[in-house]
J.: 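Let me give you the structure first, and then I'll get to my questions.
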Amino acid sequence: MKQLKEIARAQKKQMYLLYVLALSIGVIVIGQTYFIVSIVDGVFLKSANMSDVLPSIVGLLMVLLARALFTYLNGRIGMKMASKAKLQFRQKLLSKYTKNPIQASLKGQSGEKVSIMMDAVDEVDSYYSKYYPQMIQTSVVPLIILGTAFYLNWVSGLIMIVTAPFIPIFMIIIGGATQKKSEAQLEKLAAFSGRFLDILQGLTTLKFFGRAKDKQEVIRQSSLQYRDATMDVLKVAFLSSLALEFISMLSIGLIALEVGLRLVVYQHLNFYTAFFVLILAPEFYNSLKELGSAFHAGRGSMGAAKKIIEELEMEEQPVIWGDKILNGGAQPPTIRLENIQFQYGETGFSLQNVSAEISPFAQIAIVGKSGSGKSTLLQVISGLLQPSRGRVNINGSDLLEYKESSWMDQLSYISQDPYLFSGTIRENISIGVKGETSQIELEAAAEKAGIASMIQELEHGYDTTIGEGGRGLSGGEKQRMAIARAFLKKPSVILFDEPTVGLDLQTEKILQESIYELSQSSTVITVAHRLHTIKNSDSILFISNGELVAQGTHDELTNSNSDYRDMVSLQRGDVG
Amino acid sequence: MKDLRLVIKLMMAEKKDVLLSILFGYLAGTAAVALFANSGYLISKAAVNPPLYILTVSIALLKLFSFTRALSKYGERFYSHRATFTKLSNLRVHFFEKLEPLAPRIFNRYRSGDLLSRIVGDVESLQNFFLRVYYPPIVMVIVFLSTIVFTSFFSVPIALILVFGLILTGFVVPLWFAMKQRGIQHQLREVRGALSTEVTEYHYGFRDLKLHQKLDSQEEQLLKASQSYVNEQEKYGLQAIYSQSINQTLSLMISWLILTIGALFVVEGQLDGVFLAMLVMISLTVFENSTPMASFPNHFEDSRRAAGRLFSVVDQKENESTLSPGNADNEDGELGALNVDQAWSLEVKNLSFGFPDEPRLALKNVSLKIPAGTKTAIVGPSGSGKSTLLYLLLKAYPEFRGDIILNGKSTHQLKAENIWEGTNVVLQSNHFFYGTIRENLLLASDDLSDGQLKKALEAVKLEDFSLDDPVLEKGENLSGGEKQRLAIARAMLKASHLWLLDEPTSSVDSLTEQFIYDQLFMEDEDTFVLISHRLKGLEKMDQIIVMENGGIVETGTFDELMRKRGYFYEMKQIEASIL
């Protein structure tokens with residue numbers, strides 16, 4: 001994987017250090033062997049005294065300690081590189097996501113994105129902590145051993161050089177075969193392994209049908225089938241290890257045989273050299289084999305990295321804001337929609353030529369069938385979406401010439417499903433407000449939104465923590481939390497996406513009253529689903545198939561537009 | 001540990017594979033030691049011009065050990081993995097046996113999806129228990145012991161050093177690190193959780209964060225959490241490398257000690273020099289068996305946690321309600337049974353109920369009466385307690401205050417199985433299993449003919465479905481409406497006489513909905529309880545119960561409620577005014 005390697009290479013200092021360490025470890029392996037052989041040779045054949053071999057014994061101690069230390073350092077550097085890479089990936093993903101326009105977050109892949117940021121990034125770890133340091137070691141250490149072997153006894157060196165390639169070749173051949181085999185089995189495996197979860201998830205259904213006990217056997221059978229399918233794949237992998245083991249064992253055996261024969265029969269070698277080569281040989285093959293297992297670990301990382309990089313390379317058009325300051329002033333800004341056009345993707349749904357003037361303190365209802373583009377229009381007005389043509393004009397300037405925060409500070413957007421963050425109720429209500437909020441202000445806002453009494457009933461009151469996504473609150477309570485946010489923020493423009501289903505009566509009443517009260521001090525633009533809201537608005541934007549087809553008050557539209565009349569009267573006919 | 005013992009017990013059911021894994025593991029370990037011992041001996045012997053037959057025998061042995069080593073390793077891997085997967089199968093079955101009686105009670109809390117995937121994941125992660133925790137230490141110990149016995153023939157002190165090395169690298173160091181690792185692992189899980197929360201909030205709350213201009217601060221928090229998570233991971237990883245290095249250092253030191261002492265003995269004439277190389281090779285090789293022990297702490301800790309969590313799920317006693325168990329089942333008393341061939345009446349008296357971990361009561365003092373053979377609708381906004389009431393009727397939560405009476409008998413006196421047998425339940429989300437339409441319908445009863453199944457499909461306007469059509473897990477190849485209709489068909493086939501329907505047609509178009517209800521209500525001897533969010537088509541119901549906030553607001557027929565101009569009337573007005 002090119003990108004992973006580039007990131008590793010970018011950490012130059014660490015990379016060089018790894019090479020230096022690999023080189024040192026190579027030298028240490030030689031040194032270790034040298035000392036061991038010297039000692040054995042000394043006392044065994046040369047009848048040396050302890051004092052003669054003492055320097056070697058001390059030397060061996062040093063070298064062994066150094067080997068452990070360097071192996072540790074090697075792992076440590078890999079670990080540090082992994083940390084850095086993971087941080088970088090998360091940072092890059094985040095800055096990419098932050099720039100994303102809102103439609104990217106609407107594609108409903110939040111779960112996928114969470115898993116990329118958490119799991120995929122974590123999986124990158126083993127490339128740096130295992131594979132990369134091992135790769136550098138394998139590219140250095142065997143070479144040093146090989147060189148030494150050639151220097152001491154070229155025949156052993158030759159055997160190494162001839163047998164060594166079999167290890168990677170076998171790894172590649174068998175690795176490919178395993179992969180093919182496991183891909184063929186994958187579907188089967190997934191089906192078996194999913195069965196247990198499937199049955200657990202259906203346990204309630206099974207119980208109500210009195211069938212739970214029957215499923216025990218199904219679980220056993222599918223587990224055993226899973227086992228057999230997995231073993232089929234594993235067998236290939238184990239056979240490959242067997243082959244590798246054979247290759248390295250036979251090669252070591254070959255070398256042992258060779259030095260043995262040359263030592264005894266031909267007397268080409270002395271004990272010193274023979275023993276030296278004999279200890280070096282396993283080090284040589286082990287180092288090659290270790291790359292195999294590291295490679296296995298690295299392969300998972302590569303898949304994960306591919307996912308991350310695809311995500312990073314996805315093109316999105318960010319909304320670009322200017323830095324003009326929008327002054328709050330005594331009255332809300334004048335909003336003019338000028339020929340607004342918007343399209344999702346190349347061929348997606350589009351909004352066409354919407355023009356309207358919204359004066360300060362106006363109450364505007366956007367009305368239309370579901371899927372007609374009402375919510376899209378609301379998002380364009382909010383600045384979450386950038387129109388592909390035309391513009392939202394605020395007080396005479398394009399909305400996007402303003403500084404993002406200076407517009408958002410004057411805006412409240414109450415969606416159908418407001419998101420509540422994990423934190424206390426206090427934090428959640430005051431989220432839109434800069435600086436400290438007093439308890440009195442907070443309670444006043446909650447009171448107006450009709451949740452004060454509910455909050456007071458809770459043991460910890462405003463300091464009650466509400467969970468991820470505001471679990472534990474009903475739909476109506478969430479709506480009221482959002483209203484409380486607006487009361488506290490006192491925005492000059494309110495965008496309101498009215499719920500499409502009925503809430504409890506209390507919330508319904510509060511919504512009506514609150515919006516009325518908020519409209520006294522701000523412009524309110526509502527995607528309206530309730531007749532009450534529609535009738536009370538100053539002007540209605542009637543949208544059909546992404547186009548603004550009519551504009552006016554309820555009475556005007558009822559008289560002038562038959563589609564509008566049909567839509568509204570269809571509902572009315574149903575009452576009572 | 002108690003939980004792991006249970007896992008071991010389940011594992012030992014596969015005695016043959018377990019023993020074979022240990023046997024082959026042992027062969028592989030000793031063969032490697034023998035191989036290197038032999039080559040050390042071979043070389044040394046060769047140096048002193050021995051008779052040729054000794055060399056020939058040694059070389060033959062060399063080959064033998066090589067093959068034994070490689071083949072045994074294969075055998076070890078094969079049998080240990082097969083044992084592991086068989087064990088997982090036993091574990092799943094065992095766990096299912098334990099879990100089955102607890103359903104549906106433990107599932108009906110939010111995040112039950114998490115609970116289930118955690119269970120599946122925990123079972124899965126226990127596969128490392130046998131592979132990495134249970135049998136490697138056994139193999140290690142016997143390989144060491146054999147080696148030590150062998151070594152003692154040449155030099156007892158060197159054998160003792162090996163014993164010392166085994167204790168140190170095989171037990172003391174791993175256990176010591178296992179203890180240290182525990183704290184770090186706990187910390188790691190905490191910071192991972194923190195980061196996961198930040199990431200989730202960031203993505204799911206993206207729009208609200210942007211609107212409130214909080215993206216920057218959320219981003220900052222997220223990066224901070226990411227930093228501390230990565231730091232903690234690093235700490236954890238470094239600790240692991242450290243533990244490995246210490247283990248490696250110690251085993252190298254032991255080899256060093258053996259070499260030094262061996263050399264001393266040779267010099268002093270206590271040991272024949274021809275064995276020195278062999279002993280050194282033995283010591284260098286035998287410690288390869290204790291290297292895997294370095295990762296033992298992590299796997300042990302993981303397995304312990306997984307087993308603990310798994311069994312904590314099934315060990316949960318019934319102390320789950322926030323209400324005192326005023327009148328839970330009288331366990332000793334005989335539980336009676338109702339006749340399932342007749343339609344039951346239903347009565348609820350002063351029922352209060354709260355979910356565990358939630359401060360507010362879900363149902364407050366609810367009383368209602370549903371005569372046998374009548375049709376009742378329960379309506380109200382989301383969160384008003386309608387579905388909870390239904391689950392209580394089904395005895396899914398045995399603990400509540402008040403009483404529920406089916407056909408004159410308190411549910412405390414009835415077996416849950418008996419209640420389920422007498423009811424046709426359609427929940428808001430119904431499960432469909434991997435298989436075919438036929439298999440999923442046959443859940444209702446085994447002795448149904450294809451003709452009957454087809455008729456049921458027609459009654460819910462699914463006549464286009466073939467009985468052999470595949471159904472994927474959770475019915476994910478079916479639309480929401482199709483699943484609802486299939487669930488109704490399945491309930492129809494069950495043909496019991498009390499119907500409990502929770503928003504059964506919320507994703508079905510109104511024409512089909514009407515058709516289905518006409519089919520259902522043909523069984524006019526049956527008792528129907530229909531929970532509904534929408535207020536359409538309730539004119540035919542004998543009784544409408546309006547709920548809000550866990551309590552009943554009003555009760556009556558459609559006409560009565562409309563005339564009363566109360567809560568129901570207002571809800572109806574609002575629904576009618578929604579475009």
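Below, all heavy atoms of this structure are taken into account, side chains as well, without hydrogens, waters or symmetry copies.
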J.: Where on B/Leu222 is there a heavy atom nearer than 4.5 Å to chain A: the side chain, the backbone, both, or neither?
T.: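 Just its side chain gets close to chain A.
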J.: Could you tell me whether A/Glu404 and B/Lys210 make a salt bridge, using a distance below 4.0 angstrom between a side-chain N and a carboxylate O?
T.: yes
J.: Using a strict 4.0 Å threshold on nitrogen-to-oxygen distance, state whether A/Arg530 and A/Glu508 make a salt bridge.
T.: yes
J.: Using heavy-atom distances under 4.5 Å, tell me whether B/Leu195 contacts chain A through its side chain, its backbone, both, or neither.
T.: both
J.: Could you have a look at A/Asn270, A/Leu411, A/Leu45, A/Leu206 and say which one has the most heavy-atom pairs with chain B under 4.5 angstrom?
T.: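 The residue among A/Asn270, A/Leu411, A/Leu45, A/Leu206 with the greatest pair count is A/Leu206.
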J.: Which bit of B/Phe96 is near chain A, if near means a heavy-atom gap under 4.5 Å: side chain, backbone, both or neither?
T.: side chain
J.: Looking at A/Phe209, I'd like to know if its CZ atom is crowded, meaning that more than 12 non-hydrogen atoms belonging to other residues, nucleotides or ligands lie closer than 6.0 Å.
T.: yes
J.: Quick check for you: among B/Lys63, B/Met253, B/Gln218, which has the greatest number of heavy-atom pairs under 4.5 Å with chain A?
T.: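 If we count pairs closer than 4.5 Å to chain A, B/Met253 comes out on top.
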J.: Quick one: of B/Leu62, B/Leu88, B/Thr260, who has the most non-hydrogen atom pairs under 4.5 Å with chain A?
T.: B/Thr260
J.: Only pairs of heavy atoms separated by less than 4.5 Å count here; which of B/Leu259, B/Ile43, B/Leu472, B/Val230 has the most with chain A?
T.: B/Ile43
J.: Quick one: which of A/Lys235, A/His532, A/Gln221 has the most heavy-atom pairs under 4.5 Å with chain B, could you say?
T.: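 Highest number of pairs under 4.5 Å: A/Lys235.
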J.: Given heavy-atom pairs under 4.5 angstrom as the criterion, report whether the side chain, backbone, both or neither of B/Asn424 touches chain A.
T.: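 For B/Asn424, neither part sits under 4.5 Å from chain A.
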J.: Where does B/Glu234 contact chain A at under 4.5 Å (heavy atoms): side chain, backbone, both or neither?
T.: both
J.: Which atoms of A/Leu458 are under 4.5 Å from chain B, going by heavy atoms: the side chain, the backbone, both sets, or neither?
T.: side chain
J.: Under 4.5 Å from any heavy atom of chain A, what part of B/Val199 do you find: side chain, backbone, both or neither?
T.: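 Interface part for B/Val199: both.
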J.: Classify the ring geometry between B/Phe85 and B/His81 as parallel (under 30°), tilted (30 to 60°) or perpendicular (over 60°).
T.: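 Aromatic pair B/Phe85/B/His81 classed tilted.
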J.: Between B/Arg82, B/His431, B/Glu548, which shows the greatest number of heavy-atom pairs under 4.5 Å with chain A?
T.: B/His431
J.: Under a 4.5 Å cutoff for heavy-atom pairs, which residue among A/Thr507, A/Asn49, A/Leu239 has the most contacts with chain B?
T.: A/Leu239
J.: For B/Gln213, is it the side chain, the backbone, both or neither that has a heavy atom under 4.5 Å from a heavy atom of chain A?
T.: side chain
J.: Who among A/Arg220, A/Lys369, A/Gln32 has the most heavy-atom pairs with chain B under 4.5 Å?
T.: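 Heavy-atom pairs under 4.5 Å are most numerous for A/Arg220.
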J.: Is B/Glu124 salt-bridged to B/Arg92, going by a charged N under 4.0 Å from an acidic O?
T.: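 Looking at B/Arg92 together with B/Glu124, the answer is yes, because their closest N to O distance falls below 4.0 Å.
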J.: Under 4.5 Å heavy-atom distance to chain A, tell me which part of B/Glu100 shows up: side chain, backbone, both or neither.
T.: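 Both backbone and side chain.
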J.: If you count heavy-atom pairs within less than 4.5 Å of chain B, which of A/Phe208, A/Tyr97, A/Phe275, A/Phe35 leads?
T.: A/Phe208
J.: Is it the side chain or the backbone of B/Leu284 that comes within 4.5 Å of chain A heavy atoms, both, or neither?
T.: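 Contact with chain A: side chain only.
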J.: Tell me which of these, B/Glu417, B/Lys214, B/Met571, has more heavy-atom pairs under 4.5 Å with chain A than the rest.
T.: B/Lys214
J.: With a 4.5 angstrom heavy-atom cut-off, could you sort out which part of B/Val266 is near chain A: side chain, backbone, both or neither?
T.: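 For B/Val266, the side chain is the part near chain A, not the backbone.
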J.: Using modelled atom types and a 3.5 Å cut-off, is there a donor and acceptor pairing between side-chain atoms of B/Lys572 and backbone atoms of B/Leu535?
T.: yes
J.: Please identify, among B/Ser66, B/Gly237, B/Ser44, the residue contributing the most non-hydrogen atom pairs under 4.5 Å to chain A.
T.: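 The residue among B/Ser66, B/Gly237, B/Ser44 with the greatest pair count is B/Ser44.
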J.: Are side-chain N/O atoms of A/Ser415 and B/Arg207 paired as donor and acceptor at under 3.5 Å?
T.: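 Side chains of A/Ser415 and B/Arg207: pair found under 3.5 Å.
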J.: Heavy-atom pairs under 4.5 Å with chain B: which of A/Val259, A/Val121, A/Asp122 has the most?
T.: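 Most pairs with chain B among the choices: A/Asp122.
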J.: Check B/Ala70 against A/Leu242 and note the closest heavy-atom contact, atom names and distance.
T.: O-CD1, 3.1 Å
J.: Set out, in order, the CA-CA distance, both residues' side-chain angles and the distance that settles side-chain contact (heavy atoms from CB on, under 4.5 Å) for A/Asp504 and B/Asn549, then state yes or no.
T.: CA-CA 9 Å; A/Asp504 55 297; B/Asn549 255 335; 6.0 Å; no
J.: Take A/Ser412 and A/Arg485 through the test side chain to side chain donor-acceptor pair (under 3.5 Å) and record every step on the way to the result.
T.: CA-CA 8 Å; A/Ser412 274; A/Arg485 281 177 182 170; over 6 Å; no
J.: Can you tell which part of B/Asp446 gets under 4.5 Å to a heavy atom of chain A, answering side chain, backbone, both or neither?
T.: both
J.: Between A/Phe271 and A/Phe44, is the ring centroid distance below 6.0 Å?
T.: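 Yes: the rings meet the under 6.0 Å criterion.
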J.: Against chain B, label A/Thr205 side chain, backbone, both or neither, depending on which of its atoms sit under 4.5 Å from a heavy atom there.
T.: side chain
J.: Which bit of B/Tyr202 comes within less than 4.5 Å of chain A, counting heavy atoms only: side chain, backbone, both or neither?
T.: side chain
J.: Which atoms of B/Leu71 come close to chain A, meaning under 4.5 Å heavy atom to heavy atom: side chain ones, backbone ones, both, or neither?
T.: both
J.: Would you mind checking which part of B/Tyr569 comes under 4.5 Å of any heavy atom in chain A, side chain (CB onward), backbone (N, CA, C, O), both or neither?
T.: neither
